[in-house]
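Notes for the one structure printed next.
The sequence lines fix the lettering, A, B, ..., with proteins before strands; numbering per chain opens at 1.
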There are 2 protein chains.
Amino acid sequence: MTVIFSKKCEYGLQAILYLAANDNSDVVKSEEISHILNIPKEFISKILQSLTESGLVYSKKGKSGGFALAKAPNKIRLIDIVTAIDGMSMFNNCVLGFPHCSPDHPCPLHEQWGELRTKAYNMLTDETLDQLKEKTLKKIGHLKN
Amino acid sequence: MTVIFSKKCEYGLQAILYLAANDNSDVVKSEEISHILNIPKEFISKILQSLTESGLVYSKKGKSGGFALAKAPNKIRLIDIVTAIDGMSMFNNCVLGFPHCSPDHPCPLHEQWGELRTKAYNMLTDETLDQLKEKTLKKIGHLKN
DNA sequence: CTTTAATCAGACAATAAAATCCGATTATAA
DNA sequence: TTATAATCGGATTTTATTGTCTGATTAAAG
Ligand code: SF4
Ligand code: SF4
């Protein structure tokens, strides 16, 4: 079971955070991302390709090619990646899987879930990538070991 | 993508809520649950079978057989169903899929996610099935239409 | 200009989740 | 006692997700 996001999305988020943390360097090759984050090389490559189409990532071909953010880190939020990969369905659908969700026909968890959904959205929206950089570096430092 | 729970788990939760709402009647046959909740008959049957093994559901074989709660509705909480079907991994794992989660090596969303996780747990734990009955009946009433 | 090292693109394979099918079994009711 | 209607249990199919392979393409560097 996934926690909330698909593996694709989790990997995408991790990779984007890594790119933001390496903002100084030109481009990062997929092999490096694969190695550090423990993601199959071809898989993360594929995911970053799709994020390139979405305009979030810049990719450079040929020797000394790789990936980088397409925009300034203060212009990107985690929600952008989620939207591009998993879409917004988790913010519209019911935790219990009931159809026709609306305040008129609330399910037994309506209130609690509505609040959680909003907070989850804020969690992904409040900060931009540059604001997350410090914390990302700390976490990634421990992964290397 | 699933919101949080697998389809199996969503269906299980819905069915359990339905059984609790029909607490008066003896047993409910899988065909009825299937029809009302729009779940493949054989699928919900299988799920309720597994919940029977877990001791949450009582099943009666033969003609006029069906399913019912194995315990009093005030002894069952939604978390019990989640635990039985999806397990507790969502309450231990990282939203971002990072390994080795611990407060010492927090990921960038540590604080927010930790809070959400707790609230999600409470949402499934605070109320027992009998306390949810009223709201369930209201929701199911609208499904029938 | 040629070699090389990388992405790109898209087909392909493996695994997991969701749904279906069916024969065996069981218990009720006629 | 017999026919019936339901679950049980397991095999099977289908579909979605995850992961892998490979050849073409691209751009830098010698
Ligand atoms: S209103 Fe109720 S049914 Fe709809 S998503 Fe919220 S909790 Fe689920
Ligand atoms: S501590 Fe950080 S890494 Fe671990 S689950 Fe919480 S948010 Fe994720």
Separation of atom [atom1] in [X] from atom [atom2] in [N], rounded to whole Å:
X: B:Glu10; N: C:dA19; atom1: CD; atom2: C1'; answer: 15 Å
X: A:Ile33; N: C:dT7; atom1: CD1; atom2: P; answer: 9 Å
X: B:Phe43; N: D:dT13; atom1: CZ; atom2: P; answer: 18 Å
X: A:Asn38; N: D:dT18; atom1: CG; atom2: C1'; answer: 15 Å
X: B:Ile47; N: C:dA18; atom1: CD1; atom2: P; answer: 9 Å
X: A:Lys8; N: D:dT20; atom1: NZ; atom2: P; answer: 14 Å
X: A:Asp86; N: D:dA16; atom1: CG; atom2: P; answer: 15 Å
X: A:Ile85; N: D:dT17; atom1: CD1; atom2: P; answer: 13 Å

Report task. Check whether A:Phe67 and A:Ile36 end up in the same hydrophobic cluster, where Ile, Leu, Val, Met, Phe, Trp and Tyr are linked by side-chain heavy atoms less than 4.5 Å apart. Result -> yes
Nucleotides 1-8 of chain D: which of its N/O atoms have a protein N/O under 3.5 Å away?
residue: D:dA6; atom: OP1; partner: B:Lys29; partner atom: NZ; Å: 3.0
residue: D:dT7; atom: OP1; partner: B:Ser30; partner atom: N; Å: 2.8
residue: D:dT7; atom: OP1; partner: B:Ser30; partner atom: OG; Å: 2.9
residue: D:dT7; atom: OP2; partner: B:Ser30; partner atom: OG; Å: 3.2
residue: D:dC8; atom: OP1; partner: B:Ser59; partner atom: OG; Å: 2.0

Query raised in the report: Of all the nucleotides listed (C:dA11, C:dT20, C:dA18), which has the minimum atom distance to the side chain of A:Lys46?
Result: C:dA11
Requested in this report: Select one nucleotide: of C:dA19, D:dG19, C:dA18, the one nearest the side-chain heavy atoms of B:Ser6.
Outcome: C:dA18
Query raised in the report: Which part of the nucleic acid, if any, lies within reach of A:Tyr11 when heavy atoms closer than 4.0 Å are counted: base, sugar-phosphate only, or nothing?
Result: sugar-phosphate
For residues 76-85 of chain B, tabulate all N or O donor-acceptor pairs below 3.5 Å that involve a side-chain atom, not counting sequence neighbours.
residue: B:Arg77; atom: NH1; partner: B:Thr125; partner atom: O; Å: 2.7
residue: B:Arg77; atom: NH1; partner: B:Asp126; partner atom: O; Å: 3.4
residue: B:Asp80; atom: OD2; partner: B:Arg77; partner atom: N; Å: 2.8
residue: B:Thr83; atom: OG1; partner: B:Ile79; partner atom: O; Å: 2.7

Quiz: residues 46-61 of chain B side-chain donor-acceptor pairs under 3.5 angstrom, not counting sequence neighbours:
residue: B:Ser50; atom: OG; partner: B:Ile47; partner atom: O; Å: 2.9
residue: B:Thr52; atom: OG1; partner: B:Leu48; partner atom: O; Å: 2.7
residue: B:Ser54; atom: OG; partner: B:Ser50; partner atom: O; Å: 3.1
residue: B:Lys60; atom: NZ; partner: B:Asp26; partner atom: OD2; Å: 3.3

Query - A:Met88 vs A:Tyr121 side-chain heavy atoms within contact, under 4.5 Å - result: yes
Query - By side chain to side chain donor-acceptor pair (under 3.5 Å) - contacts of A:Gln131 (at least two apart) - result: A:Thr128
Requested in this report: Could you pull out all residues at least two apart from B:Ser45 that satisfy side chain to side chain donor-acceptor pair (under 3.5 Å)?
Outcome: none
Query raised in the report: Pairs in or reaching into residues 34-44 of chain B: which pass side-chain hydrogen bond (donor to acceptor under 3.5 Å, both in side chains), with residues at least two apart or in two chains?
Result: none
